[in-house]
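As structure tokens, the structure follows; a few thoughts come after it.
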Amino acid sequence: MQRTKIADLLRTEPTGTTVLVKGWVRAFRNNQFIALNDGSTANNLQVVVDFEQTNPELIQRIKFGAAIGARGELVESQGKGQRIELKVEHLEIYGDCNPEEYPLQPKKQTLEFLREQAHLRFRTNTFGAVFRIRHALAFAIHRFFNEQGFVYLHTPIITASDAEGAGEMFRVTTLDPANPPKTEGGAVDFSQDFFGKAANLTVSGQLEAELGAMALGSVYTFGPTFRAENSNTTRHLAEFWMIEPEVAFADLNDNMDLAENMLRYVISYALEHCMDDLKILEERLIEEEKSKPQDQRSEMTLTEKLRFVTESHFERLTYTEAIDILRNSNPNKKGKFQYPIEAWGADLQSEHERYLVEKHFKKPVILTDYPAAIKAFYMRLNDGTEPGKETVRAMDILFPGIGEIVGGSQREERYDVLVSKMEAMHIPTEEMYWYLDTRRFGSCPHAGFGLGFERLILFVTGMTNIRDVIAFPRYPGSAEF
RNA sequence: GCCUCAUUAGCUCAGUUGGUUAGAGCGGCGGACUGUUAAUCCGUAGGUCCAAGGUUCAAGUCCUUGAUGAGGCGCCA
């Protein structure tokens, strides 16, 4: 007999037909009622055992976490908590689960404890919900770009260019670390390494994506990205997934529209397809908020917050306008900022971004036209700015509770301007010939951005630590599993 | 990398000014009950108080160093 998934069963009517289900025991109450979960949905199927007609040794083995199969009639439930249930005719245990040794328990366990049990945490309601939503968001992103006529470009994970300047890199090598070949000068001789030169894990697929966009028109990447930064925060990982669209013949406004539409599209998709999982996470947050003082509780529930974002337009303003708002803000005047806003040109700190998003505008904010000095070399220099106050066509999308979720820009398409900026920022132009070639041959205005996938999941799930929205997090000092 | 806080039973946590034999809830185990919904009721076992040093008549409690975890900051997505 073919097994039926619980997600499908819960959508059907209790017809009295015989079905076979397989899953894991989430609860066994009263020697009769098994709450069975097979991962297809957050919801359990109630499986009713006739304990007087069942071998006591078999009953004894129905423990929290055990894998079982149950065949029986699907009937209307006599109890109140559920519409339908399965009346067992035949029960089979596939895998026992010894409760004395099993780390998970049928009760609340902290996220920190479950992080140490990351190989088992999928089995909890919370992480089941998180990873089903993560899947749905990944699917929605591909669907969005496909509908928009984008080509999914697989940019390399191993790169030999270390000129991108996006962060510290992980070295990829096959040289013997104890005894590497040396040059005459005593340095490690990477010309003898696997690739004939030093290689690293990618910190961004953007530069390669630009190459694709200059022929395919609209491309996006969606893959793992690596940063060897010693970052210890709730929003950074050493290995994370990034989505990087790149569009030819697009300017910064097109870019902002694309990012905003994409975010609204994928959040709407989650609201349409993941409501059971979102409700579980929403309940979790409501429980958690109860232990907080009144003034720190959020005004909106998780789903209200998501709906709010899908329905509101993001506030767009320039860096210069943001500085004015911050300079005249109450916390700045009262000296509440740890880093007071003084002169134009300073980079904004987390506290400033949070003030703009969470206090001033109370919705997602897009900041544009940052000072050229604090942004990357490939961003397009704005025309007609005062000397010393040059800005670039950059944009950052800031989300409440997360901070920067998207960073993007219109790219510098003018060969001469790009070369002089690279020279000023000490980026070796010879090594980057392939990138510069796009500007030498058929260059055009183009723009793109990077979206941190895990940061998006943080926002949609309401989780607060990025290590809880990726299956097996990598961060300083940790590469378990 | 910097700052702050934490580490006590399987889990979540109490443990007063340094003072006798370190407690609770949940979970586990044994039993009762049998239409339960975090089931309920009765009983029961379970501890290298993170580690190493130190102060003291006496340390879970104070000090030093280290490890691990959490939160914040920086770097960013």
Have Asn232(A) and Asn230(A) got a donor and an acceptor in their side chains that come within less than 3.5 Å? yes
What is the separation between atom CD1 on Ile374(A) and atom P on G74(B), rounded to the nearest whole Å? 13 Å
Please test Thr15(A) against Thr17(A) for side chain to side chain donor-acceptor pair (under 3.5 Å), starting from the C-alpha separation and ending with a verdict. CA-CA 5 Å; Thr15(A) 51; Thr17(A) 50; 2.9 Å; yes
For U65(B), give the paired nucleotide (Watson-Crick: N1-N3 plus N6-O4 or O6-N4; G-U: N1-O2 and O6-N3; both under 3.5 Å), or none. A51(B)
Rounded distance in Å - NZ (Lys375(A)) to P (C75(B)): 10 Å
For A70(B), the nucleotide meeting Watson-Crick or G-U wobble distances (both under 3.5 Å) is U4(B)
Nearest-Å distance for atom pair NE2/C1', residues His236(A) and G74(B): 9 Å
Nucleotide opposite C76(B) in a Watson-Crick or G-U pair, distances under 3.5 Å: none
Tell me whether the ring of Phe240(A) lies stacked over the A77(B) base, given a 5.5 Å limit on centroids and a 30° limit on the plane angle. yes
With His446(A) as reference, evaluate Glu210(A), Gln410(A), Glu412(A) under the side-chain hydrogen bond (donor to acceptor under 3.5 Å, both in side chains) test and give the passing residue. Glu210(A)
How about Phe314(A) and Phe399(A): are their ring centres within less than 6.0 Å of each other? yes
If I take atom OH in residue Tyr355(A) and atom P in nucleotide C73(B), what distance separates them, rounded to the nearest angstrom? 18 Å
Applying the salt bridge (charged side-chain N to carboxylate O under 4.0 Å, His left out) test to Asp369(A), which of Arg316(A), Arg380(A), Arg393(A) qualifies? Arg393(A)
Identity of whatever pairs with C29(B) - Watson-Crick or G-U, under 3.5 angstrom: G43(B)
For G18(B), the nucleotide meeting Watson-Crick or G-U wobble distances (both under 3.5 Å) is none
Between A38(B) atom P and Glu287(A) atom CD, what is the distance in whole Å? 12 Å
If you compare every side-chain N and O of Arg26(A) against the phosphate oxygens of U36(B) (OP1, OP2), does one of them come in below 4.0 Å? no
Tyr152(A)-Tyr220(A) aromatic ring centre distance below 6.0 Å: yes
Check whether any side-chain N or O of Arg467(A) sits under 4.0 Å from OP1 or OP2 of G69(B), and answer yes or no. no
Protein and nucleotides 27-31 of chain B: nitrogen or oxygen contacts under 3.5 angstrom:
{"residue": "C29(B)", "atom": "OP1", "partner": "Lys63(A)", "partner atom": "NZ", "Å": "3.2"}

Is C13(B) paired to anything, Watson-Crick or G-U wobble with both distances less than 3.5 Å, and if yes, which nucleotide? G23(B)
Grab the OH-P distance between Tyr102(A) and C11(B) for me, whole Å please. 15 Å
Name the pairing partner of A59(B), where a pair is Watson-Crick or G-U wobble with both distances under 3.5 Å, or state none. none
Nearest-angstrom distance from the residue atom OH of Tyr339(A) to C1' of C2(B): 10 Å
Span that lies between the C1' atom of C49(B) and that of A24(B), in whole angstrom: 16 Å
Mind checking the C1' distance from A70(B) to C50(B)? Whole angstroms is fine. 15 Å
Can the ring centroids of Phe472(A) and Phe131(A) be said to lie less than 6.0 angstrom from one another? no
To the nearest Å, give me how far apart CZ (Phe226(A)) and C1' (C76(B)) are. 16 Å
